[in-house]
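Structure, as structure tokens:
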There are 2 protein chains.
Amino acid sequence: MIDSPDLFKKLTLFPEPELREQIVMQGRIISAGQGDIIIREGQFLDFMPIVLDGLIRVYQEKEDREILLYYVGPQETCMMSLTSAYFDKESTANGMAMENSEILVLPARFISEWQLKFKSWNEFMIRTFSNRYNELLGSFTDVAFKSVQVRLMDYLHERSERDNTERIRISHQTLANELGTTRVVVSRILKQLEYENEVRLYRGAIQLITK
Amino acid sequence: MIDSPDLFKKLTLFPEPELREQIVMQGRIISAGQGDIIIREGQFLDFMPIVLDGLIRVYQEKEDREILLYYVGPQETCMMSLTSAYFDKESTANGMAMENSEILVLPARFISEWQLKFKSWNEFMIRTFSNRYNELLGSFTDVAFKSVQVRLMDYLHERSERDNTERIRISHQTLANELGTTRVVVSRILKQLEYENEVRLYRGAIQLITK
DNA sequence: GGGCTTGTGTATCATTTGATACCGTCAGAA
DNA sequence: TTCTGACGGTATCAAATGATACACAAGCCC
């Protein structure tokens, strides 16, 4: 059974009492360990996850490559599940827990129902769609027009801001998987950037040099 | 003044009488000639266009390159305007009429209002978001993982299906602008494909060879 | 016809990215 | 300690893509 007060301390987006009641009644909470796959490519989704704690990485695979789509943090949900649930399409991406995460799982059939009934739910949906779309559009333009080197630096700066540190803990392989390229390419470019005094390299970490 | 019976012959998605009344009252219809720019990058949008007749091409520019985002056909609308209208962001794309087009223009402030009031409008919005998102996701994966040659052939096959002909009327430059690359690259690849007996080339047209 | 624009073919060269292979180092497990 | 797997550096070669330049042909306007 869901502990309602505890849940709505973490999930503050939905003030309507009736909606809260519905969520408690229909949802369940699952825990995912770091590295657990939540959603797999090709899977049909009949549920919608909302992250309460933790972080989910959503990405695509192609043979031995990967590329990041987006992260899902607390109080956010995954686009895949929305479009998948509405039109009964299979997921075209994978979702993996990057930290130990707590996830509220709601049956798909409610997401359209609630959307007409509850203003806050409706706004949540639209905001999710809109934000994710803009985010993806940005990624698309970047991949289409920017070099790997530029995308790599952009990524490091973003991470630096997000984690609030100049020293980013990430391996070259993981970085390659975020950017959709290979480890060797990342190592080569990073070395070049080190010569150019943009970064300093450590085992398992990259230091951004601010000038 | 909008000719109501004529409008709803072209716009069949919204059966609710009250919604139809609203649309007639608040909307206006504009005509765009072939080549007219409807939406420009950086523009703040306070309206939402629904195409009645014709075709709008939505694309991004970067210096002397272009890349296609999507086409908007009859009874469809443009994502840009949705996200732009909801969160008061500027458009990050351009929209150009590819044919003489007739467009229903609705003030932005109604799109969220109607969405809670009218089921058909709500579905229209969600379907638009969902379809456009999936479409963009496909483009993203293609650009990230496929070669220009493969994307070029994919494009030709799509066009061939859409226009129902094996002979696609398009210049190499225009094709380059669809794919986000340059004319020379397109010419080179097409010539290669001609050697391989995949296509036959004409001035201003490309013939797909079906085997 | 003469001049102009658009479309196409192609050569050359540079840069970027990818693929493969090999080696040394580091850190933790056994 | 030794073994092992993850991590990173680097060399070599290939392929894809981009940039520039030039030539020629088709179609249109005058």
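Each chain gets a letter, A, B and so on, in the order its sequence line appears, and its residues count up from 1.
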(message) Side chain of Thr182(B) only, heavy atoms from C-beta on: which candidate in dG9(D), dT8(C), dA19(D) is closest?
(response) dA19(D)
(message) Quick check: on DNA chain D, is the nucleotide nearest Lys146(B) upstream (toward 5') of the one nearest Tyr195(A), or the reverse? Name the residue that is more 5'.
(response) Tyr195(A)
(message) Any N or O donor-acceptor pair under 3.5 Å from the base of dA27(C) to the side chain of Arg203(A)?
(response) no
(message) From C-beta outward on Lys191(A), which listed nucleotide comes closest to its side chain: dT10(D), dT10(C), dC7(D)?
(response) dT10(D)
(message) Between Thr77(B) (side chain only) and Ile50(B) (backbone N and O only), is there a donor and an acceptor less than 3.5 Å apart?
(response) no
(message) Could you tell me how far apart Gln173(A) (CD) and dA19(C) (P) are, to the nearest whole angstrom?
(response) 12 Å
(message) Are Phe129(A) and Tyr133(B) an aromatic pair, judged by ring center distance below 6.0 Å?
(response) no
(message) Does dG18(D) have OP1 or OP2 under 4.0 Å away from a side-chain N or O of Arg65(B)?
(response) yes
(request) Let me know the distance between CG of Asn177(B) and C1' of dT6(C), rounded to the nearest Å. (result) 14 Å
(message) Using only modelled atom types and a 3.5 angstrom limit, is any donor from either the side chain of Arg188(A) or the base of dG8(D) paired with an acceptor on the other?
(response) no
(request) On DNA chain C, check which nucleotide each of Gly180(A) and Thr174(B) is closest to and give me the residue with the more 5' one. (result) Thr174(B)
(request) Please report, rounded to the nearest Å, how far the C1' atom of dT17(C) is from the CG atom of Leu190(A). (result) 15 Å
(request) Report the relative orientation of the aromatic rings in Phe110(B) and Trp114(B); use parallel for angles under 30°, tilted for 30 to 60°, perpendicular for over 60°. (result) parallel
(request) Take the protein atom CD of Gln192(A) and the nucleotide atom P of dG8(D), then report the distance between them rounded to whole Å. (result) 18 Å
(message) Please confirm whether the shortest side-chain N or O distance from Thr181(B) to OP1 or OP2 of dG18(D) is below 4.0 Å.
(response) yes
(request) Using side chain to side chain contact (heavy atoms under 4.5 Å, CB included) as the criterion, point out the one residue from Val150(B), Leu156(B), Leu152(B) that pairs with Asp154(B). (result) Val150(B)
(message) What is the separation between atom CD1 on Ile189(A) and atom C1' on dT17(C), rounded to the nearest whole Å?
(response) 8 Å
(message) Taking donor-acceptor contacts at under 3.5 Å, does the side chain of Arg183(A) reach the base of dG18(C)?
(response) no
(request) Round to the nearest Å and state the distance from Leu201(A) atom CG to dG24(C) atom P. (result) 21 Å
(request) Quickly work out the Arg151(A) CZ to dT17(C) C1' distance and round it to whole Å. (result) 11 Å
(message) Can you see whether Tyr155(A) engages Arg159(A) through a side-chain donor-acceptor pair at a distance of less than 3.5 angstrom?
(response) yes
(request) Could you pick out which residue, Glu194(A) or Ala144(A), lies toward the 5' side of DNA chain D when each is mapped onto its nearest nucleotide? (result) Glu194(A)
(message) Heavy atoms only, 4.0 Å cut-off, all strands: where does Val184(A) land among base, sugar-phosphate and nothing?
(response) base
(request) Please report, rounded to the nearest Å, how far the P atom of dA6(D) is from the CZ atom of Arg169(A). (result) 16 Å
